[in-house]
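Since the structure comes first, as structure tokens, the remarks are kept for the end.
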Amino acid sequence: MTIAAPVNEWFAQNRRDLPWRRDGFGAWGILVSEFMLQQTPVARVIGPLAAWLDRWPTPADLAAVPAGEAVRAWGRLGYPRRALRLHACAVAITDLHGGVVPENVDELLALPGVGEYTARAVAVFAYGHRHPVVDTNVRRVIARAIEGQADAGPPSTKRDLAAMEAVLPADDAAARVTNAAVMELGALICTARSPRCDACPLADRCAWRAAGYPERLGPTRPGQAKYEGSDRQVRGLILAELRASDIPVPRAELDALWPDAAQRERALTGLLADGLAVASESGFTLPN
DNA sequence: AAGACGTGGAA
DNA sequence: TTTCCAAGTCT
């Protein structure tokens, strides 16, 4: 396609100076940043990421502590199972890869918590390999600029990767920039709500704009389930309690957290099943 | 393959 | 106030 050049030029002038884009940030730092960025805004990741890498500068450092320490340090970033998986990742990297974050997509995909996006992000941004990197921003930019749709359709790894591949320059280094640039364009300009088309480097060739900004066709996707009063909220309350305590938290203390006993039970059972909590003689703790 | 999985900020 | 959505992954 013809969007790589203008987007790369725009990126050169408008890229944010983010920690993981600094020279020498390292594959481990980039891997940790990608875990934290999964469904979590950039602004909320900056601080916790720095603290994390200060405490665990290498995979072996993290692998050497109990998984519960990772869950505790995760704090309020959300989706705490990511902390568990990142810890498991550190163990696998230490035991199976000599403490070095692997650089091949297939090896990365085999790591816990590393999916199609994260594997390619690490291979490309940490190691400079040439792959399409597709996240929610990229999917939206392609849907609009190229396909003329208001939003991306349902995710399809095969189609999405092929669509981004068609955008990438042949050169490894240029392709790496384009991956970051399209992502950045989606994050700053071609946003989900109120895109800033007046500042978009693709405005003169955007298929969606050319078509007169048609609304999304087909059924709107189901909204996110309500958080207030959900099992997820109860899990969050219980886990916050475990995080805050150095000693086992008695059952009675957890019971005081939420009025609905059945819901409490579901939440606690779920946390136990996920390995985010473990039972001990006197109560419950983070995993050892 | 639709749904579960946290949390907080912006509209 | 409510709703939307944020560099996804797993089952």
Side-chain angles (χ1 to χ4, degrees), chain A residues 11 15-16 18-21 29-49 71 74-86 88-89 108-126 131-141 151-158 160-161 164 176 179-188 190-196 216 219-243 263 266-267 269-271 273-277:
Chain A
F11 185 63
R15 67 197 292 269
R16 289 169 292 178
L18 300 170
W20 45 91
R21 288 180 179 162
I30 289 177
L31 179 64
V32 175
S33 77
E34 295 299 348
F35 263 86
M36 291 186 170
L37 287 164
Q38 290 169 5
Q39 296 286 281
T40 304
V42 165
R44 293 220 338 253
V45 164
I46 306 283
L49 174 64
V71 175
W74 197 253
R76 305 190 62 78
L77 275 174
Y79 292 139
R81 45 177 48 168
R82 288 183 293 168
L84 222 42
R85 291 176 181 150
L86 180 52
C89 224
L108 286 160
L109 278 173
L111 297 172
V114 176
E116 303 287 356
Y117 163 76
T118 301
R120 288 178 180 77
V122 171
V124 171
F125 299 133
H131 300 283
V133 179
V134 177
D135 74 335
T136 187
N137 292 304
V138 170
R139 282 166 36 70
R140 187 172 54 249
V141 171
D151 292 290
S156 159
T157 299
K158 198 168 151 76
D160 295 343
L161 289 174
M164 186 55 178
R176 180 175 183 275
N179 276 307
V182 174
M183 209 178 301
E184 189 80 333
L185 187 70
L188 300 183
C190 194
T191 52
R193 286 180 295 188
S194 313
R196 301 178 41 202
R216 174 158 171 61
T220 57
R221 69 175 188 286
Q224 196 171 44
K226 186 170 173 148
Y227 181 66
E228 200 62 32
S230 66
D231 287 3
R232 292 159 82 165
Q233 184 184 23
V234 183
R235 285 170 57 110
L237 288 171
I238 293 174
L239 205 55
E241 199 71 12
L242 300 187
R243 252 193 265 114
Q263 202 172 12
R266 276 203 305 278
T269 301
L271 289 171
D274 290 345
L276 283 165

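First the proteins, then the strands, lettered A, B, ... as listed; each starts at 1.
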When only distance counts, do a donor and an acceptor, one from the side chain of [X] and one from the base of [N], lie under 3.5 Å apart?
X: A:Arg81; N: C:dT9; result: no
X: A:Thr40; N: B:dG6; result: yes
X: A:Gln224; N: C:dC4; result: no

Under 3.5 Å, is there a donor-acceptor pair between the side chain of A:Arg44 and the main chain of A:Leu77?
-> yes
Rounded to whole angstrom units, what separation is found between the [atom1] atom of [X] and the [atom2] atom of [N]?
X: A:Leu77; N: B:dG9; atom1: CG; atom2: P; answer: 12 Å
X: A:Arg16; N: C:dA7; atom1: CZ; atom2: P; answer: 8 Å
X: A:Arg85; N: B:dG6; atom1: CZ; atom2: C1'; answer: 13 Å
X: A:Glu228; N: B:dG8; atom1: CD; atom2: C1'; answer: 12 Å
X: A:Leu109; N: C:dC10; atom1: CG; atom2: P; answer: 9 Å
X: A:Leu276; N: B:dT7; atom1: CG; atom2: P; answer: 11 Å
X: A:Phe35; N: C:dC10; atom1: CZ; atom2: C1'; answer: 12 Å
X: A:Asp274; N: C:dT11; atom1: CG; atom2: C1'; answer: 11 Å

On DNA chain C, more 5' by nearest nucleotide between A:Pro112 and A:Arg21 is A:Arg21
Contacts of A:Asp135 and A:Gly113 projected onto DNA chain C by closest heavy atom; the upstream (5') one is A:Asp135
Which pair of heavy atoms, one from A:Ala240 and one from A:Arg76, lies closest together, and at what distance?
-> CB-NH1, 4.5 Å
Would one find a side-chain N or O of [X] under 4.0 angstrom from OP1 or OP2 of [N]?
X: A:Thr136; N: C:dC5; result: no
X: A:Arg193; N: B:dG9; result: no
X: A:Tyr79; N: B:dT7; result: no
X: A:Gln39; N: C:dG8; result: yes

When we call it a touch if two heavy atoms are under 4.0 Å apart, what does [X] touch: a base, just sugar-phosphate, or nothing?
X: A:Pro80; value: sugar-phosphate
X: A:Leu18; value: base
X: A:Val114; value: sugar-phosphate
X: A:Ala121; value: nothing

Is there a side-chain contact between A:Leu84 and A:Leu276 (heavy atoms, below 4.5 Å)?
-> yes
Begin from the C-alpha positions of A:Leu239 and A:Leu242 and carry the test side-chain contact (heavy atoms from CB on, under 4.5 Å) through to its verdict.
-> CA-CA 5 Å; A:Leu239 205 55; A:Leu242 300 187; 4.3 Å; yes
For A:Arg266, what residues pass the salt bridge (charged side-chain N to carboxylate O under 4.0 Å, His left out) criterion, not counting sequence neighbours?
-> A:Asp231
Worked check of side chain to side chain donor-acceptor pair (under 3.5 Å) between A:Glu34 and A:Tyr117 = CA-CA 9 Å; A:Glu34 295 299 348; A:Tyr117 163 76; 2.7 Å; yes
Between [options], which one does the side chain of [X] approach most closely?
X: A:Ala192; options: B:dT7, C:dA7, C:dC5; value: C:dC5
X: A:Glu184; options: C:dC5, C:dA7, B:dT7; value: C:dA7
X: A:Leu37; options: B:dG6, C:dT9, C:dA7; value: C:dA7

